[in-house]
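Here is the structure we will look at, set down as structure tokens.
Note: hydrogens, waters and symmetry copies are ignored here, and every other heavy atom, side chains too, is used. This chain uses plain numbering: 1 for the first residue, then up along the sequence.
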Amino acid sequence: AVFVFLAPDCPLSQKYTLTLNELHAEFQDDGIGFFGLVAGNDFPKNDIDRFSNEYRLAFPVRQDPNFVLADFWDASKTPEAFVVSANGATLYKGAIDNGSPSLGQHRTVVTEHYLKDVLNGILLGEDIPYRETAATGCFIERRR
């Protein structure tokens with residue numbers, strides 16, 4: 001399964017919805033599920049639903065109100081992807097691709113497709129090419 005932390009008000013979360021929908025469509029027939037997660041309770045359910053509808057997300061987006069999953073995976077940015085095996089092992093953590101190397105920067109051409117390459121590696125039974133990459137995006141703020 002792929003879990004991606006998103007935030008409705010994060011420009012990079014919004015930007016990557018198309019890519020995530022494309023990856024979901026490409027891998028759903030192979031049994032790989034996609035799930036969006038919104039950490040914390042800053043966004044009411046109707047904001048999350050509006051975000052999902054506006055960007056036509058083809059996979060469910062749920063709230064992680066108490067940061068249980070965000071803390072478990074040490075998620076710190078949106079978007080940040082986590083690939084988890086059927087037995088619960090985290091196989092990959094990080095960026096979707098290298099399209100946004102740092103905040104405010106966007107590549108014209110994406111040259112590294114981290115998440116896609118990891119999923120293809122899993123399906124082909126090959127070594128996973130990446131275990132962790134640095135995610136770029138909006139910070140997940142934890143108020144304690």
If we ignore hydrogens and angles and just use 3.5 Å, is the side chain of [X] paired with the main-chain N or O of [Y] as donor and acceptor?
X      : Y      : answer
Arg142 : Gly40  : no
Glu126 : Ile122 : no
Asp47  : Phe43  : no

Mind checking the [atom1]-[atom2] spacing from [X] to [Y]? Nearest 0.5 Å is all I need.
X     : Y      : atom1 : atom2 : result
Ser85 : Leu91  : OG    : CG    : 5.0 Å
Leu37 : Thr78  : CG    : OG1   : 11.5 Å
Asp64 : Asp71  : CG    : CG    : 7.5 Å
Leu23 : Leu119 : CG    : CG    : 7.0 Å
His24 : Thr17  : NE2   : OG1   : 13.0 Å
Glu80 : Leu115 : CD    : CG    : 12.0 Å

Q. Going hydrophobic residue to hydrophobic residue with side-chain gaps under 4.5 angstrom, can you get from Trp73 over to Val68?
A.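 Shared cluster, no.
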Q) Side-chain heavy atoms under 4.5 angstrom apart, residues restricted to Ile, Leu, Val, Met, Phe, Trp, Tyr: same cluster for Tyr16 and Leu18? A)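 Each belongs to a different hydrophobic cluster.
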Q: Step through the shown structure and confirm whether more than 12 heavy atoms of other residues, nucleotides or ligands are within 6.0 Å of CG on Asp127.
A: no
Note, [X] side chain near [Y] side chain (heavy atom, < 4.5 Å):
X      : Y      : value
Val61  : Asp49  : no
Lys77  : Phe139 : yes
Arg131 : Lys93  : no
Tyr114 : Ile96  : no
Phe82  : Tyr92  : no
Phe27  : Asn120 : yes

Q | Minimum heavy-atom distance Pro79-Ala135, with the two atoms named | A | O-CB, 3.9 Å
Q) Distance only, no hydrogens: is a donor on one side chain within 3.5 Å (strictly under) of an acceptor on the other, for Asn98 and Thr111? A)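 Yes, side-chain donor-acceptor contact under 3.5 Å.
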Q. Cut-off 3.5 Å, side chains only: do Asn21 and Tyr55 have a donor facing an acceptor?
A.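 Per modelled atom types, Asn21 and Tyr55 side chains form no pair under 3.5 Å.
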Q: Report the C-alpha separation of Phe51 and Ile48 in whole Å, then their side-chain angles, then the decisive distance to 0.1 Å, and conclude whether the side-chain contact (heavy atoms from CB on, under 4.5 Å) test is met.
A: CA-CA 5 Å; Phe51 168 72; Ile48 295 169; 5.5 Å; no
Q. Quick one: salt bridge (Lys or Arg N to Asp or Glu O under 4.0 Å) pairs with a partner in residues 111-125, sequence neighbours left out?
A. Glu26-Lys116
Solution key, residues 1-13 side-chain donor-acceptor pairs under 3.5 Å, sequence neighbours excluded:
{"from": "Ser13", "atom 1": "OG", "to": "Ala7", "atom 2": "N", "distance (Å)": "3.0"}

